[in-house]
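Report on the structure given below.
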Amino acid sequence: MKELLSADELCSRMMHISYSYFMVDVWHDRESYYALPMELVEKNLLLTSGLFLCFVMEGKLSEAQELIKNWTDNPMAYYGLFLAHPLITWKDFIECMEKMKNEHIFIPQFMLTAGRPYLLNGFNDFSRIGPLLESHKSYFISYMECIYDKALVPYIYDLCLAEYYYQKDRLFDAEVIVSRIIKEFNNDKEQRLLFVSLSLQAKIMMAQGKTVSVRSYIKNIRGLVRKNGEAEFSFNIDAAEVKLAFYEGNHTVIANWLKNDAPDEFADFNMLDLFRYMVKMRCYILNQKYTAVVALAEKLRPLIEAGKRHMDLCELDLILAIAFYRAKENQLAFEALSRSLKIARRRHYYRLIADEGEAILRLLIDYVKQYGETPFLMKLIESTRKMAINHPLYLKACYKNGVTFTQMEIDVLKLIEQGKSKEEISEYFFISTNTVKYHFKNIYAKLEASSAHQAVWEARVLGII
């Protein structure tokens, strides 16, 4: 059993929150916070903050809300806790920021992403403010100056804008902003923003059809954040590497992460792992564990809904739709996709859908056949088709239905790859063309292919030839 920390030790750690003591560390110390007498916690802001963060990460949002009430007489403490609570609405956020600005209250080093590679959809989900970023820039700048270092505020604003542009599929605009920010940053700057910038740059490059070397890009990210950001970001950098590996078809990286580093949804559940849970569900899809996808999704859903995490809810139903479609449960796939599309259309999440490429394209096409065309759906299909063409290995299984291939079938595939006809193949093996056709039929069935060209492609993807 782990030794519990004293109140003084926890206070000493909380003094360095966001500098050398991060959300992941608070989570690690949660049993110590839970063991404290509540009357002691309620009188100490540092202990209140630590317990508050534990409640939020565990999804105990009503308990976290109760802690805030004890600090209404201390505006700085109250606003700091209030802004970090996932249940606040955008209206609540604006009203709180107005009060802070008018009362000249500043809270430096506010939590940006809690280690996740997003700003608008980080610790809180502010992705819904995207449409207001351009039209109300001065307001956002003045608000951000209350909770961040003034020198960083222009970068924070630009990164929020870049994430919004990316979701709207304005890739060039997003790329210009991100490239400028990365050029400005160095190891001495804010590591959270660097992690966000590099992660977004990788997504932009993938969306533009450029090749991203997973190994070299992640190595670059690790190197740049190692100085003072590795403790906060390492576990999510691992997950980001896996997400890129899906596009590359690097099943070794995926399998190793799933075996050694993936979060365990059956252990203590942590909302800090939300990004990693989403990645894990895609791993389950790769391994055809569709029931596991549904189970994890439904475990996440009430917490995501309670926290008003619109983008995460959209992604959750999108992943579910892919899982149902591959399990040939088309009606359930359509229902999950409908929920996802409803949010995506209202909040301009074009890239969230399109980035799934081949994994979602056929489902979108079948959905249009079933329910009809709309400008929104056709634009989505256009962007998704580009991803499918540029990244055909995305979420491609390294095996299909556990089937094996005979040496004859492998040899026939190699000859098909060389452009040999059925007659030529029959001469190679001194067999009849009918026997060759029989081998073709078996190969097509095992690869779920309808042509020689498709069979060769699938065999290459699976490493058979």
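From a predicted model like this one, the values you see are computed outputs, not experimental measurements.
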(message) Can you confirm whether Lys101 is buried at NZ, in the sense that more than 12 heavy atoms of other residues, nucleotides or ligands lie under 6.0 Å from that atom?
(response) yes
(request) Please say whether more than 12 non-hydrogen atoms of neighbouring residues, nucleotides or ligands are located less than 6.0 Å from NZ in Lys308. (result) yes
Taking only residues two or more places apart in sequence or in another chain, which ones pass side chain to side chain contact (heavy atoms under 4.5 Å, CB included) with [X]?
{"X": "Pro75", "answer": "Tyr79, Glu103, Ile105"}
{"X": "Glu63", "answer": "Phe55, Lys60"}
{"X": "Asn74", "answer": "Trp71, Met76, Ala77"}

With salt bridge (Lys or Arg N to Asp or Glu O under 4.0 Å) as the rule and sequence neighbours excluded, what pairs involving [range] come up?
{"range": "residues 349-359", "value": "Asp169-Arg351, Arg282-Glu356, Arg351-Asp355, Glu358-Arg362"}
{"range": "residues 67-78", "value": "Glu66-Lys69"}
{"range": "residues 329-346", "value": "Asp317-Arg339"}
{"range": "residues 120-139", "value": "Glu134-Arg170"}

Which residues satisfy the ring-ring contact (aromatic ring centres under 6.0 Å, His included) test with [X], sequence neighbours excluded?
{"X": "Tyr277", "answer": "Phe269"}
{"X": "His136", "answer": "Tyr139"}
{"X": "Phe334", "answer": "Tyr367, Tyr371"}

Determine all donor-acceptor pairs shorter than 3.5 Å in which one atom belongs to a side chain in residues 157-164; sequence neighbours excluded.
from: Tyr157; atom 1: OH; to: Leu133; atom 2: O; distance (Å): 2.6
from: Asp158; atom 1: OD2; to: Arg180; atom 2: NH2; distance (Å): 3.0
from: Glu163; atom 1: OE1; to: Leu119; atom 2: N; distance (Å): 3.2
from: Glu163; atom 1: OE1; to: Leu120; atom 2: N; distance (Å): 2.7
from: Glu163; atom 1: OE2; to: Leu119; atom 2: N; distance (Å): 2.9

Quiz: residues 252-264 side-chain donor-acceptor pairs under 3.5 angstrom, not counting sequence neighbours:
from: Asn256; atom 1: ND2; to: Thr252; atom 2: O; distance (Å): 3.3
from: Asn260; atom 1: ND2; to: Asn256; atom 2: O; distance (Å): 3.2
from: Asp264; atom 1: OD1; to: Phe266; atom 2: N; distance (Å): 2.9

(request) Mind running side-chain contact (heavy atoms from CB on, under 4.5 Å) on Phe324 and Leu337 for me, showing each step along the way? (result) CA-CA 10 Å; Phe324 283 136; Leu337 183 60; over 6 Å; no
(message) Phe275 vs Lys243, test: side-chain contact (heavy atoms from CB on, under 4.5 Å). Steps then yes/no.
(response) CA-CA 10 Å; Phe275 173 67; Lys243 198 166 184 182; 4.2 Å; yes
(request) Answer yes when Arg13 and Asp29 have at least one side-chain N-carboxylate O distance shorter than 4.0 Å, and no when they do not. (result) yes
